[in-house]
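Scroll down for the structure; my scribbles are underneath it.
Here, residue 1 is the first one in the sequence, and each next residue gets the next number.
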Amino acid sequence: MRRNAVVAERPGRLGDVLALRRLTVPEPPGAGEVDVRMLAATLNPSDVVTVSGAYGSRTTFPFTPGFEGVGVIERVGSGVPDRAIGRRVLPIGSAGNWQEVKRADHSWCVPVPDDITDTMACFAYINPLTALLMVRRHCSGPVRNVAITAATSTIAGHLAELLALRGVRPIGLTRGTPGRTVADPRLWATVIDTGESAWPERFREAASEEGVDVVLDCVGGAQGAVLMRELSPGGMLVHYGLLSGEPLPPECFAGRAGRRVEMFRLRDTVHTYARERLPELFSPVFEHLRAGRLRSRVVEELPLRRLPEALRGGSGGGPGKTLISCTR
């Protein structure tokens, strides 16, 4: 059995190292395995970072990227009930969604409820689950003042929606990219452009005398030190990304006045969760999607076979998300 797959042949930029290949799926699925006919997949920063070679210790090239997507189980191996055939699932736990058929362990396949559309399901994993877990874990109880970096990103919009349910309007920080704005300005106390020289003063004023209880940061770099100084005593900076490409400076880890950095990695949570409980982990995400929250704005749809060519031409860099159709 052969199928189309987009392969990263070596570490590097997506536009430089991807190629469309015809690969063979071994026959048949092994014990506990399934073949998932992919319907759609997405492109996320985690894909960009992995293809760059940043996780060299756990990435072997060539490989098929894509951590997020939705598909239908079409074949099962021994130990998997036949009733699984035809079920829509999120095959998580590994890369490999940028292909027509993904061989996956059935225990990593999260069933998708019938009332969740393919597009909604396709984006249900990385950003929504990360946002939900971080808000639950770090923004409950007495937390009232929250700041969010990269405020125009999809996940920042999710965070603002979830905080609004707790009566919190966060301070947003943006990098001033032309044409990028927050999804819903009503959810934010204020939005500050860190490209302006006076942004630290503006942030200090917005934080007020109490300071900020929690910073949710996916940027890193030198601005992290500024944000740490404006934390209230005992406050925390939750670090979950590195869009700047620069690590937080050492002073962020000095522990002054009880201020601390907490690292959040979705992979760590998912890979330590009991497999049989994964549907339970996703259940609140599906509830929010039904309520119209945690939705992703699709700005372009690309057929799988055209993905390498499109990324060479600069697609995938604007606001919103790229939907990859695996059936075209």
Side-chain angles (χ1 to χ4, degrees), residues 5-8 14 18 34 36-52 54-55 58-59 63-73 88-105 107-113 116-134 153-159 218 240-241 243 264-271 273 278-279 281-286 288-289 294-304 307 310-311 315-317 319-328:
V6 171
V7 173
L14 289 183
L18 297 182
V34 297
V36 180
R37 174 69 61 177
M38 298 303 298
L39 300 172
T42 69
L43 192 163
N44 283 289
S46 56
D47 301 309
V48 177
V49 173
T50 303
V51 172
S52 76
Y55 305 134
R58 63 173 189 254
T59 308
F63 83 106
T64 299
F67 288 106
E68 190 172 44
V70 60
V72 175
I73 294 175
R88 276 190 314 153
V89 295
L90 309 179
I92 67 170
S94 65
N97 287 331
W98 294 359
Q99 57 186 318
E100 291 175 330
V101 178
K102 179 181 181 180
R103 173 71 52 82
D105 193 297
S107 65
W108 278 116
C109 293
V110 178
V112 176
I116 301 296
T117 68
D118 291 344
T119 300
M120 289 163 60
C122 191
F123 297 103
Y125 177 29
I126 292 178
N127 285 335
L129 191 57
T130 297
L132 186 68
L133 292 173
M134 286 198 300
S153 66
T154 297
I155 190 169
H158 295 346
L159 290 165
C218 63
Y240 69 100
L243 291 178
F264 180 89
R265 297 182 180 91
L266 182 62
R267 184 181 189 277
D268 292 347
T269 298
V270 169
H271 280 259
Y273 215 75
L278 287 174
L281 187 67
F282 276 82
S283 180
V285 171
F286 294 137
H288 282 293
L289 289 172
L294 308 188
R295 302 285 184 90
S296 294
R297 178 185 172 217
V298 177
V299 294
E300 63 179 343
E301 181 175 349
L302 298 171
L304 178 70
L307 184 61
L311 293 178
S315 287
K321 305 293 286 185
T322 298
L323 180 67
I324 303 165
S325 174
C326 300
T327 60
R328 294 170 51 196

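- Across every non-hydrogen atom of S325 and E301, the tightest pair is CB-OE2, 3.7 Å.
- Between L323 and K321, every side-chain heavy-atom pair lies at or beyond the 4.5 Å cut-off.
- Taking the side chain as every heavy atom from C-beta outward, V7 and T64 approach each other to under 4.5 Å.
- Side-chain N or O atoms of R295 include one that pairs as donor or acceptor with a backbone N or O of L289 at under 3.5 Å.
- Expressed to the nearest 0.5 Å, how far CD1 of I92 lies from CZ of R267 amounts to 11.5 Å.
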Step by step, would you call L311 with L43 a side chain to side chain contact (heavy atoms under 4.5 Å, CB included)? CA-CA 11 Å; L311 293 178; L43 192 163; 3.7 Å; yes

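- F63 is linked by a ring-ring contact (aromatic ring centres under 6.0 Å, His included) to F61, counting only residues two or more places apart in sequence or in another chain.
- Across all their heavy atoms, C109 and A104 have their closest contact at SG-CB, 4.3 Å.
- For the pair F286 and V112, the tightest heavy-atom approach, listed with the atom from each and the gap, is CZ-CA, 4.4 Å.
- The shortest side-chain heavy-atom distance between V6 and I324 does not fall under the 4.5 Å cut-off.
- Here the OG-CG distance, from S283 to L278, works out to 12.5 Å after rounding to the nearest 0.5 Å.
- Residues satisfying the side-chain contact (heavy atoms from CB on, under 4.5 Å) test with P303, not counting sequence neighbours, are R305, R306, R328.
- No side-chain donor-acceptor contact under 3.5 Å links N97 to the backbone of K102.
- Atom CG of L159 and atom CE of M134 lie 4.5 Å apart (nearest 0.5 Å).
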Hey, can you pull the donor-acceptor pairs under 3.5 Å for the side chains in residues 123-132, sequence neighbours left out?
residue : atom : partner : partner atom : Å
T130    : OG1  : I126    : O            : 2.6

Would V36 and W108 count as a side chain to side chain contact (heavy atoms under 4.5 Å, CB included) here? Give the steps. CA-CA 11 Å; V36 180; W108 278 116; over 6 Å; no

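- The two atoms that bring L307 and L302 nearest to each other are CD1-CD1, 3.9 Å, heavy atoms only.
- Screening V285, V89, L90 for a side chain to side chain contact (heavy atoms under 4.5 Å, CB included) involving V110 leaves a single residue, L90.
- Going from atom CG of L294 over to atom CD1 of I155 covers 10.0 Å, rounded to the nearest 0.5 Å.
- Note that OG1 of T42 is 8.0 Å distant from CH2 of W98, once rounded to the nearest 0.5 Å.
- Of all heavy-atom pairs spanning V101 and Q99, the tightest one is O-OE1, 3.0 Å.
- Contact between M38 and P91 at its shortest, heavy atoms only, is SD-CG, 3.9 Å.
- Looking only at atom types and distance, the side chain of N44 has no donor-acceptor partner in the side chain of S46 under 3.5 Å away.
- Proximity of a side-chain donor or acceptor of R88 to a complementary backbone N or O of A121 within less than 3.5 Å is not detected.
- To the nearest 0.5 angstrom, R37 atom CZ is 9.5 Å from L39 atom CG.
- Put simply, the side chain of S296 reaches to within 4.5 Å of the side chain of H158, judged on heavy atoms.
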